[in-house]
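All values derive from a computational prediction rather than experimental measurement.
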Amino acid sequence: MFAAERRQLILEMVRANGAVSLRELARVVQTSEVTVRRDVRALEAEGLLDRRHGGAVLPGGFTRESGFPQKSHLATAEKTAIADLAAGLVEEGEAVVVGAGTTTQELARRLARVPGLTVVTNSLLVAQALAHANRVEVVMTGGTLRGSNYALVGSGAEQSLQGLRVSRAFLSGSGLTAERGLSTSNMLSASVDRALVQAAAEVVVLADHSKLGTDTMFQTVPTDVITRLVTNEPLTRDERSATELQALADQGVQITVAGVGQPAPAPGQGQGAGPGPGRADGGPPVGRPARRDMPLPGPRRTHPPTTPGGPGLRGPVSLSDQQLGGRVADLAPRRR
């Protein structure tokens with residue numbers, strides 16, 4: 001494929017999706033990420049797109065939200081690894097809220113195996129993934145349907161969440177920065193996500209590396225409200241993603257990095273219960289994906305105590321440190 005043809009295809013993908021990772025671009029145009037990075041740099045010089053670490057976005061500083069068909073084909077391996085690891089945070093009998101998104105949809109498919117679980121969601125895709133799950137209760141919010149991401153939004157959705165309290169919320173978004181936290185490109189979606197956060201004792205953000213450092217129009221979760229980020233290992237030379245992860249850790253966010261292609265943990269066992277059996281070679285425990293946890297540098301927020309008879313409320317989860325190869329392996333929270 002000639003350079004002009006590659007760049008035209010790259011431009012069409014960015015226009016269709018709003019934001020595309022370099023890895024995905026390289027896969028589609030069948031060339032190396034080094035070549036794609038050079039093409040993206042040339043297109044940026046012409047004002048046709050903007051570079052972001054690990055990807056490219058529409059020009060103008062903020063990405064727009066792409067539809068579900070486009071999102072579902074982006075970073076599929078990364079989303080799978082993130083969902084596998086996030087599912088291990090949930091224990092039997094818990095009550096959680098799960099927001100809309102393709103990554104949270106992957107999480108829901110794994111939560112279907114957790115008995116006694118109650119899931120509150122505004123996503124039709126999440127509800128569909130759990131519809132036939134044995135011993136999993138699904139509670140849908142009200143609201144108006146947004147066809148682009150199959151989510152219920154508006155005042156009806158927000159009002160149905162009033163008075164609700166669950167152990168944790170799992171949310172995704174369009175971008176994540178240490179400065180603003182999680183953000184999205186749609187005002188109605190952002191408003192519902194904020195209501196979901198208010199209902200949870202802990203907030204877990206699911207975001208692949210391409211969203212790190214990306215800033216979009218509407219803030220949903222400020223950084224100081226995010227308890228944990230579950231992400232995938234950044235690209236080998238992606239210094240900016242590693243810097244963003246460090247900045248998030250410095251602000252008290254626990255960072256859990258999933259190794260792509262690693263075996264999945266067992267949902268419903270709760271990774272906070274302990275590391276499980278180790279390996280003789282010092283690697284990650286058998287049956288769990290490789291990960292590295294960056295513990296909180298100190299108490300940052302007070303979580304509500306467990307309410308007697310409440311819907312599965314629990315205290316903060318404390319995960320054990322695991323070693324993971326890659327550029328983030330040496331990161332540790334620094335005191336501000």
Side-chain angles (χ1 to χ4, degrees), residues 19-27 33 53-55 71-90 96 98-99 101-114 125-126 129 168 170-176 182 204-214 226-238 241-242 244-245 248-249 253-272 275-276 279 283-294 317 319-329 331:
V20 187
S21 68
L22 291 178
R23 180 181 296 178
E24 184 69 14
L25 290 172
R27 185 187 67 81
E33 291 184 23
H53 60 278
K71 287 182 178 179
S72 61
H73 296 294
L74 297 176
T76 53
E78 290 84 351
K79 292 173 183 177
T80 297
I82 291 168
D84 283 341
L85 198 52
L89 297 172
V90 182
V96 300
V98 180
T102 52
T103 309
T104 52
Q105 181 188 24
E106 286 295 323
L107 171 64
R109 292 180 176 133
R110 288 145 183 83
L111 294 183
R113 301 192 293 270
V114 183
L125 298 176
V126 168
R168 58 176 61 87
F170 292 92
L171 296 177
S172 188
S174 301
L176 177 66
L182 190 67
V204 181
V205 171
L206 312 181
D208 66 78
H209 74 276
S210 66
K211 296 178 181 178
L212 296 176
T214 299
I226 299 173
T227 307
R228 180 180 299 276
L229 165 65
V230 183
T231 186
N232 65 286
E233 185 180 355
L235 302 178
T236 304
R237 298 181 180 179
D238 192 354
S241 287
E244 197 71 46
L245 285 176
L248 287 163
V253 178
Q254 290 182 295
I255 312 294
T256 302
V257 181
V260 177
Q262 300 292 331
Q269 298 302 312
Q271 292 176 0
R279 290 188 345 205
V286 176
R288 296 179 186 267
R291 71 171 187 239
R292 174 176 168 78
D293 295 324
M294 301 180 189
V317 176
L319 300 187
S320 59
D321 289 339
Q322 303 292 336
Q323 296 301 319
L324 172 68
R327 302 198 65 84
V328 297
L331 295 180

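- Nearest heavy-atom pair, Q105 versus A129, reported as atom, atom and distance to 0.1 Å: O-CB, 4.4 Å.
- The heavy-atom pair separating A86 from L206 by the smallest distance is CB-CD2, 3.7 Å.
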- Item | Test log, rule salt bridge (charged side-chain N to carboxylate O under 4.0 Å, His left out), inputs K79 and D208 | CA-CA 7 Å; K79 292 173 183 177; D208 66 78; 5.5 Å; no

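- Within the 4.5 Å cutoff, the side chain of V126 has no heavy atoms near those of the L111 side chain.
- A donor-acceptor contact shorter than 3.5 Å links the side chain of T231 to the backbone of A207.
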- Walk me through it: do L229 and L212 pass the test side chain to side chain contact (heavy atoms under 4.5 Å, CB included)? CA-CA 11 Å; L229 165 65; L212 296 176; 4.1 Å; yes

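- Judged by distance alone, with hydrogens and angles left aside, the side-chain atoms of R168 form a donor-acceptor pair with the main-chain N or O of L89 at under 3.5 Å.
- Taking S172 as the reference, K211 meet the side chain to side chain donor-acceptor pair (under 3.5 Å) condition, with sequence neighbours excluded.
- The two residues A258 and A81 have their closest heavy-atom pair at CB-O, 3.6 Å.
- Contact between E24 and R27 at its shortest, heavy atoms only, is OE2-NH2, 2.5 Å.
- With L171 as reference, L182 is the one residue of L182, V204, T104, I226 to meet the side-chain contact (heavy atoms from CB on, under 4.5 Å) rule.
- Contact between E78 and H209 at its shortest, heavy atoms only, is OE2-CE1, 4.1 Å.
- Here the CD-CG distance, from E244 to L176, works out to 7.0 Å after rounding to the nearest 0.5 Å.
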